[in-house]
Each structure stands twice: as structure tokens, then as C-alpha cells.
Amino acid sequence: MTPPWASAEDEGPAHVVLAFDDNRLATLLFGHYGRNLAVIERKLGVKADSRGNHVTLEGARDACEQARAVLEHLYEALRKGRDISQGDVDGAIREVTSQGSLFDFDPAENRQSFDEIQLRRRPVRARTAAQDAYIRALKRHTLVFGSGPAGTGKTWLAVAYAVHLLERRMVDRIILSRPAVEAGERLGFLPGDMKDKVDPYLRPIYDALYDLMDRPFVERALQSGEIEIAPLAFMRGRTLSNAAVILDEAQNATSMQMKMFLTRLGENSHMIVTGDASQTDLPQGQISGLAEAVRLLEGIEGVGVCVFKAEDVVRHEMVGRIVSAYEKLDAAKLEAASARLGGKVGA
């Protein structure tokens, strides 16, 4: 790839031209009908025109420099044989625009990019600063809590790290669990054996496994017990040693269930607890074990806590907007309740 050149003026709009040496990869980089360039234009506020293997960037100097860095990062990924999706484009944009805050967070590390988890199938790289902090917490701590809204990658990254540990034989097995609580519905009687009954609750974990590992390996590991999937209720009395243990949808665990689960931790094991405290399906008035555990254990040696927010959503960008809208509604309800309570006290 030839280096870019820009206008000589120090001020005013910039004009940057990039030339990529592989026409086929350049086509993949720009996206079908220039879809990837359109995302860069919208999110960085630049104009991007492509001709063949060239792309011209126009706009504010900083924005053009960021767009250049995004395109070079994605092109390098393509050169290494990786496929890129719109999610990868979004992640590259977030990475480039948040590098300053990353350096401020821990300047001693002097890192130039988000952290990643190396898997046999492909590397899994953080797409937001929160995901970057989450991956680093997974690597540093024995017990990690990942709390926040849907679509932020909490479960997916947790499964990726567990697969990483298993592939490198740092653990002997992966144990995946969820509370078997319906999301506001009554499913009634479910036919089949125990596996058939709990599978509907654990489907998201299966999806993550099949996305991160080859299907034949997953099937063999499930049959051999290297990967075990079980409801939370079946954890009582066990000691989980030499294992990567994940509790997903932990907001639906009661206080006693959470205490029971956390005390299953055995030697040479890693435990990851994920969930969204704002979406508990527990009966009205019952305390979520996730919220309580985070409050009690944050700051204890060996425990990492990562909190995701609406801006960390890496699904469709509409999901982030939806989460933000509901967060505003919850804040308004809390403010109204506080006002009513204040009025009663005043009276």
C-alpha cells in the first residue's frame, strides 16, 4: 500500500488519497456498493470516494487521519486472510477514535490497539474500549463480572476466553450455566430428557460456541464432557477445578444461588459472571444476585468488574439507541419516584 499524501496547508479541510496494491482486497475493503466507506463517512464526518483501488478522503484533518487509520487497519486484516463485516468496521472506528482515552487509562502499557483473544479458528478482537478492558480483566483476574445491556459482547467474549483456555490446555473443561428462568413467559411442560428441557435456555451459549469453534470439535467436546452445559440449580455441592466456568444471565440468579455458584470455584479455575441487572426476570421485590455480588465483591483482590453501557453495544446500531431510550425511561421513573417520596416526607 502506498503512503497517503495530504494538502500542504496546516489549516482547513484535508485531502488524502490512499492507494491499495491489491484490487481484490480493495474491493472487499470498500464493501458491496461502497457500504463500508459509507459507514466511515457517516461516523467520522468525512467524504470518501473510491476509484479502482484508490480512495480519496476529504474533510477535517483529524477526521481524515482517523479514516485513513481505519482503512489501513481493515486492509491489513484482509491481507492476513480475515473476513471483515460491518461490525469489524464499527470496531475499527471505535478503536481509532478512543485510542487517546486508552493511553490515558494505562500509559505504562503503551498499547497501539485493542486487546484480542487468540483462537485456533480466528482471533477475537475487542471492538470498544469497554470490551478491551473486559478482555484484559479476563486475562488478569480469577473471577470477572461483566455487567451491562444486551449486545455488548459480554457472553460472547466470555465464551471466547474460555475456548482460548481450553485450546491451550490451561483448563481441562468448560462449564457453561444459566438460571432456568423464563423471560416474562410461562413455557409450560417441555418434552424430552433433561438436556432437551434446558437447551432452550442455553441456546445463546451454543450459538457462541459454534461461532468460535468448528462444529465437529464442539460436538465431540460436548459428548466427552470437555464442554458441559448445565442449569444453575445443578451446581450445588460441586467443586469446579481446572475449569473455565461461565454463568450467563446472572441477573436472574437469586442472592443465595449466586453465593452457591461463586463458592463452587476450585483450584486452577477461572469464573466469569455476565448479565444485565436492568433486565431481571425474578419475581417482584426479589434481589438480583448479580447486582448484590458486584456491590459486595468489587475491589477484592482477584476480582474484576467491567460495566458496559449503551454506547458499547456492538450489535446493530439501533440496539444502542433502543437501550439508551429505555435507560432514559428508567431514569425518569426513578426521578419521579424520588419526587413522590420527597413530597410525602415533606408532608
Side-chain angles (χ1 to χ4, degrees), residues 39 43 66 69-70 73-74 76-77 82-106 109-119 121-141 143-165 176 204-205 207-209 211-212 244 246-251 270-279 290 294 298 303-324 327:
V39 173
K43 296 198 171 184
Q66 290 174 342
V70 168
H73 170 78
L74 294 172
E76 186 61 28
R82 304 177 192 171
D83 295 328
I84 62 171
S85 63
Q86 183 174 334
D88 296 311
V89 178
D90 292 335
I93 293 171
R94 291 174 189 249
E95 180 174 342
V96 167
T97 56
S98 64
Q99 275 187 352
S101 61
L102 284 177
F103 295 136
D104 294 340
F105 181 79
D106 194 350
E109 294 190 4
N110 194 27
R111 294 178 301 111
Q112 298 298 317
S113 62
F114 286 159
D115 211 334
E116 64 182 18
I117 301 170
Q118 292 292 335
L119 302 180
R121 192 170 187 178
R122 69 176 190 276
V124 172
R125 190 172 190 171
R127 292 181 176 176
T128 68
Q131 285 191 353
D132 180 72
Y134 187 45
I135 290 176
R136 288 185 286 117
L138 292 173
K139 293 179 178 180
R140 293 176 178 176
H141 299 291
L143 170 61
V144 175
F145 291 92
S147 178
T152 51
K154 306 182 301 295
T155 302
W156 195 71
L157 288 174
V159 174
Y161 187 65
V163 171
H164 164 82
L165 294 176
L176 307 165
I205 294 179
D207 292 341
L209 284 172
D211 189 33
L212 295 164
I246 299 174
L247 176 62
D248 190 32
E249 297 293 336
Q251 75 275 5
H270 300 260
M271 187 171 280
I272 311 168
V273 180
T274 67
D276 179 4
S278 69
Q279 292 194 32
L290 173 62
V294 168
E298 187 171 15
V303 177
V305 176
C306 296
V307 179
F308 296 83
K309 300 180 181 178
E311 56 265 29
D312 300 313
V313 171
V314 292
R315 288 182 187 165
H316 194 287
E317 58 186 17
M318 280 298 298
V319 176
R321 298 172 192 167
I322 292 169
V323 171
S324 294
E327 285 181 348

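Both backbone and side-chain heavy atoms feed into the values below; hydrogens, waters and symmetry mates do not.
- Shown here are the salt bridge (Lys or Arg N to Asp or Glu O under 4.0 Å) partners of D88, two or more places apart in sequence or in another chain: R127.
- The CG atom of L290 lies 5.0 Å from the OG atom of S147; values are rounded to the nearest 0.5 Å.
- The closest donor-acceptor contact from the side chain of D132 to the backbone of F114 lies at 3.5 Å or more, if one exists at all.
- Taken from NZ in K139 to CG in L165, the straight-line distance is 10.5 Å, to the nearest 0.5 Å.
- The heavy-atom pair separating G153 from Q131 by the smallest distance is CA-NE2, 3.9 Å.
- Every residue meeting the ring pair (Phe, Tyr, Trp, His ring centres under 6.0 Å) condition with H164, not counting sequence neighbours, appears here in chain and number order: Y161.
- Minimum heavy-atom separation, D276 to A150: OD2-N, 4.0 Å.
- Listed by chain and residue number, E249 satisfy the side chain to side chain donor-acceptor pair (under 3.5 Å) test with Q251 (two or more places apart in sequence, or in another chain).
- The minimum heavy-atom distance between V273 and A250, with the atom names listed, is CG1-CB, 3.4 Å.
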For this session: Apply side chain to side chain contact (heavy atoms under 4.5 Å, CB included) to the pair Y134 and V305, showing each step before the final yes or no.
Result: CA-CA 8 Å; Y134 187 45; V305 176; over 6 Å; no

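- Not counting sequence neighbours, the partners of A130 by the side-chain contact (heavy atoms from CB on, under 4.5 Å) test are T128, F308, D312.
- Considering every non-hydrogen atom in both K154 and G148, the closest pair reads NZ-O, 3.1 Å.
- Heavy-atom minimum distance, H141 versus H270: O-ND1, 4.1 Å.
- Judged as a side-chain contact (heavy atoms from CB on, under 4.5 Å), and not counting sequence neighbours, the contacts of D211 are R122, W156.
- Nearest heavy-atom pair, C306 versus A133, reported as atom, atom and distance to 0.1 Å: SG-O, 3.9 Å.
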For this session: Could you go through the side chain to side chain contact (heavy atoms under 4.5 Å, CB included) check for L247 and T274 one step at a time?
Result: CA-CA 6 Å; L247 176 62; T274 67; over 6 Å; no

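- Considering T152, I272, I135 as possible partners of L157, the one that fulfils the side-chain contact (heavy atoms from CB on, under 4.5 Å) test is I135.
- Taking a cutoff of 4.0 Å between a charged side-chain nitrogen and a carboxylate oxygen, K43 and D90 qualify as a salt bridge.
- How far CG of D248 is from CG of L176: 9.0 Å, rounded to the nearest 0.5 Å.
- In this structure, the side-chain contact (heavy atoms from CB on, under 4.5 Å) partners of A92, at least two apart in sequence or on a different chain, are V70, H73, L74.
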